Structures are given as C-alpha cells and as structure tokens.
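Only a predicted model underlies this, so the values are computations on that prediction, with no experimental measurement involved. Basis for what follows: all heavy atoms, side chains included, without hydrogens, waters or symmetry-related copies.
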Amino acid sequence: MEDAKDYGAVAKLAHWLVFALVAVQFAVAWTMPEIGRDTRPEGLVAWHLSVGTLILLVVVLRLLWRLTHPAPPQLPTVPRWQRSLAGLVHFLLYAILLALPFLGWGNASSRGWDVALFGLIPLPTLFADGSRFGHALGDIHAACATVLLILVGLHCAAALYHQLIAKDRTLRRMLPWSTRS
Ligand code: HEM
Ligand code: HEM
C-alpha cells in the first residue's frame, strides 16, 4: 500500500548517521575544556571542529537528497495536526543542523583558528581574527545547540508515542532493518 512505504535506504542511512554524529558531537562538546581567549584548537576542541564540519557536509548532502527525493507520505491514520507539527519540527531540525556548524565555524574564525573539513580539507575564514560579531556567534551557537537538544527530545517523544501508544508504523518506517518499499 502506497501510504505504508518506508523511507528509502539513503534517507535512513543519512538519518542515523547524523544521529550518531550529533551524539558524538554533544559528548565532545560537554567534555572539551572551556573555551577562552587562550584556548588552542587542540585535542577535544579539534575533534569538535572536525566532527562539526563533517556534520555540515553530511547534512548538506542529506538535504540535497531530500529535495530531490520526497519523503514517503505519512500514514493515513495520523491526524492532520500531528502531520503539520511533525513537518514543522523536521523543518526546524534541518534548519538548526545547517545553522549550528556555520555559527561555530564563524566563532572559530574570529578566534583566529583554522577550520578544516574533518581536520583535513582547509575551509575559508568566515570572519577576521578578533571580529566582535564572530565572537558573539559563540553564545548563539551554544544556545542553538540547546534548542537542537529540545527539538530532538520532542522528536524522540513523538517517535515513542507512535510506537508504544498509537502503535502504528511511523518508527518502523525509519528503522534500517525494516524494508517495506
Ligand atoms: C551540529 C554540530 C554542532 C553541535 C551540536 C555543537 C555543539 C556545541 C556545544 C553544545 C557547545 C557549548 C560547549 C560548552 O561550553 O558547554 C559548542 C561550543 C563551540 N563550538 Fe560547537 N557544535 C557543532 C558544530 C561546531 C562547528 C562546525 C564548529 C567550528 C568549526 C564549532 C565550534 C565551536 C566553538 C568555537 C565553541 C565555543 C563557543 C564559545 O564558547 O564561544 N561547533 N558547540
Ligand atoms: C540527532 C537526533 C535526530 C535528528 C537530528 C533527527 C532528524 C530527523 C529529521 C530531519 C527527520 C525528517 C526526515 C525527512 O522527512 O526528511 C526525521 C524523521 C524521523 N526520525 Fe529522526 N532525528 C533524530 C533522532 C531520532 C531518533 C532517536 C528517533 C527514534 C527514537 C527518530 C525517529 C524518526 C522517525 C520515526 C522519523 C520519520 C517521521 C515521519 O515519518 O514523519 N529520530 N528525523
């Protein structure tokens, strides 16, 4: 049945890869040393920049894929307001996943740090060393990371609601081992 289709293999792979990278990124962010004027981009801080730029790459590729490969239609049993709310939360998740790395990258540039894609491919400087604007982006970056956590919490609660209370196929449509297409 058309309405019961799963997400495609690429969409599933991208979803769970981003989930894993974001989990690692928060673990690194919460254990790296506090970043101050004299901090150098070494150790866990370097890992934060590397994993963050990798997230940016994967999210850009994922979005390009999504724009050319629409998601399967939602289950007909899901009420209209839940579909609209899910659409809004998914849009906000993509927007924050895209904005967060740029905010961090801008802040890193203003600290005079070189940013490279996974520490290997040099990326351009977004703001001059010492830029006050770039510096201010650091607080916005950290605040947006908190908003991402809240959205992911809502998103997971919704997935569990569908699985445990509504008992429909919403979660299974995204699981790697489910293959209804
Ligand atoms: C989705 C990707 C990212 C997430 C979830 C994330 C998350 C975080 C979090 C939670 C903090 C606050 C750490 C703390 O003080 O407790 C932080 C700080 C920071 N992040 Fe990221 N980050 C991401 C991507 C990046 C990228 C790509 C860069 C740079 C290339 C970056 C550079 C920084 C910098 C410089 C700080 C310190 C900001 C300041 O205190 O002024 N982040 N990040
Ligand atoms: C970093 C964590 C996560 C992020 C950023 C995230 C992001 C997203 C996004 C953007 C979509 C929309 C896909 C599209 O239609 O293009 C989505 C769908 C979905 N996600 Fe997540 N997700 C995360 C974690 C999880 C977890 C832990 C679960 C399960 C408990 C989950 C279950 C689902 C399901 C079931 C869908 C399909 C929803 C539907 O059919 O309407 N996600 N996710």
- Check whether any side-chain heavy atom of Asp114 sits under 4.5 Å from a side-chain heavy atom of Pro122, and report yes or no. no
- Task: State, yes or no, whether a side-chain contact exists between His135 and Phe127 at a heavy-atom distance under 4.5 Å.
- Result: no
- Query: Taking the side chain as C-beta and beyond, is there a heavy-atom pair between Tyr7 and Pro72 under 4.5 Å?
  - Reply: yes
- Taking His141 for the side chain and Leu103 for the main chain, is one N or O donor matched with an acceptor at less than 3.5 Å? no
- Task: Report the distance from atom NZ of Lys167 to atom OG1 of Thr77, rounding to the nearest 0.5 Å.
- Result: 14.0 Å
- From Leu17, Leu97, Val51, residue fulfilling side chain to side chain contact (heavy atoms under 4.5 Å, CB included) relative to Val22: Leu97
- Query: Between the main-chain N or O of Leu137 and the side-chain N or O of Asn107, is there a donor-acceptor pair closer than 3.5 Å?
  - Reply: no
- Item | For the student: nearest non-hydrogen atoms of Cys144 and Leu100, plus distance | CB-CD2, 4.0 Å
- Between Lys12 (side chain) and Ala9 (backbone), is there a donor-acceptor pair under 3.5 Å? no
- Item | Minimum heavy-atom distance between Val45 and Pro33, given as atom pair plus value | CG2-CD, 4.0 Å
- Query: Side-chain heavy atoms under 4.5 angstrom apart, residues restricted to Ile, Leu, Val, Met, Phe, Trp, Tyr: same cluster for Met32 and Trp30?
  - Reply: yes
- Item | Same apolar cluster (I L V M F W Y, side chains within < 4.5 Å links), Val60/Trp105 | yes
- Task: Determine, step by step, whether Asp6 and Arg169 satisfy the side-chain contact (heavy atoms from CB on, under 4.5 Å) criterion, reporting the C-alpha distance in whole Å, the side-chain angles of both residues, the deciding distance to 0.1 Å, and the verdict.
- Result: CA-CA 9 Å; Asp6 283 0; Arg169 290 197 81 254; 3.1 Å; yes
- Message: Do Val147 and Ile55 land in one hydrophobic cluster if side-chain heavy atoms of ILVMFWY residues count as linked below 4.5 Å?
- Response: yes
- Task: State, yes or no, whether a side-chain contact exists between Val24 and Trp47 at a heavy-atom distance under 4.5 Å.
- Result: no
- Side-chain contact test, heavy atoms from C-beta onward, threshold under 4.5 Å: evaluate it for Leu75 versus Val78 and give yes or no. yes
- Message: Within the structure provided, determine whether Arg111 and Arg37 are in side-chain contact (heavy-atom separation under 4.5 Å).
- Response: no
- Query: Just how far is it from atom SG of Cys156 to atom CG of Leu151, taken to the nearest 0.5 Å?
  - Reply: 11.0 Å
- Query: Can you check whether Pro76's main-chain N or O pairs, donor with acceptor, with Arg83's side chain at less than 3.5 Å?
  - Reply: yes
- Those residues that, when tested against Thr170, pass side-chain hydrogen bond (donor to acceptor under 3.5 Å, both in side chains) (two or more places apart): His162, Asp168
- Query: If every non-hydrogen atom of Gly119 is compared with every non-hydrogen atom of Ser50, which pair is closest and at what distance?
  - Reply: N-OG, 3.5 Å
- What orientation do His155 and His15 show, parallel under 30°, tilted 30 to 60°, or perpendicular over 60°? tilted
- Message: Apply side-chain contact (heavy atoms from CB on, under 4.5 Å) to residues Phe26 and Leu148 and explain how you reach the verdict.
- Response: CA-CA 11 Å; Phe26 272 105; Leu148 174 63; 4.0 Å; yes
- Message: Given 3.5 Å as the limit, does a donor-acceptor pair link the side chain of Ser109 with the main chain of Thr125, or not?
- Response: no
- Message: To the closest 0.5 Å, what do you measure between CZ (Arg66) and CG (Leu61)?
- Response: 15.5 Å
- Item | Nearest heavy atoms of Leu126 and Gly106, plus distance in Å | CD1-N, 3.7 Å
- Go through Arg62 and Val18 one step at a time and tell me if the side-chain contact (heavy atoms from CB on, under 4.5 Å) criterion holds. CA-CA 9 Å; Arg62 177 180 177 188; Val18 170; 4.0 Å; yes
- Pro176 and Trp16 have their tightest heavy-atom pair at CD-NE1, 3.9 Å
- Task: Can you see which heavy atom on Gly134 is nearest to which on Ser110, and at what distance?
- Result: C-OG, 3.3 Å
- Task: Determine whether Ile35 and Trp113 make a side-chain contact, defined as any pair of heavy atoms from C-beta on separated by less than 4.5 Å.
- Result: yes
- Can you tell me how far the CG atom of Leu98 sits from the CD1 atom of Ile96, to the nearest 0.5 Å? 11.0 Å
- Hydrophobic cluster membership, Val152 vs Val58, 4.5 Å side-chain cutoff: yes
- Is it the case that one hydrophobic cluster holds both Leu44 and Leu21, taking links as side-chain heavy atoms less than 4.5 Å apart, direct or via other members? yes
- Hey, does Thr53 have a side-chain heavy atom less than 4.5 Å from the side chain of Pro101? no
- Message: Using 0.5 Å steps for rounding, measure from the CH2 atom of Trp65 to the OG1 atom of Thr68.
- Response: 6.5 Å
- Query: Who pairs with His48 by side-chain hydrogen bond (donor to acceptor under 3.5 Å, both in side chains), at least two apart in sequence or on another chain?
  - Reply: Gln25
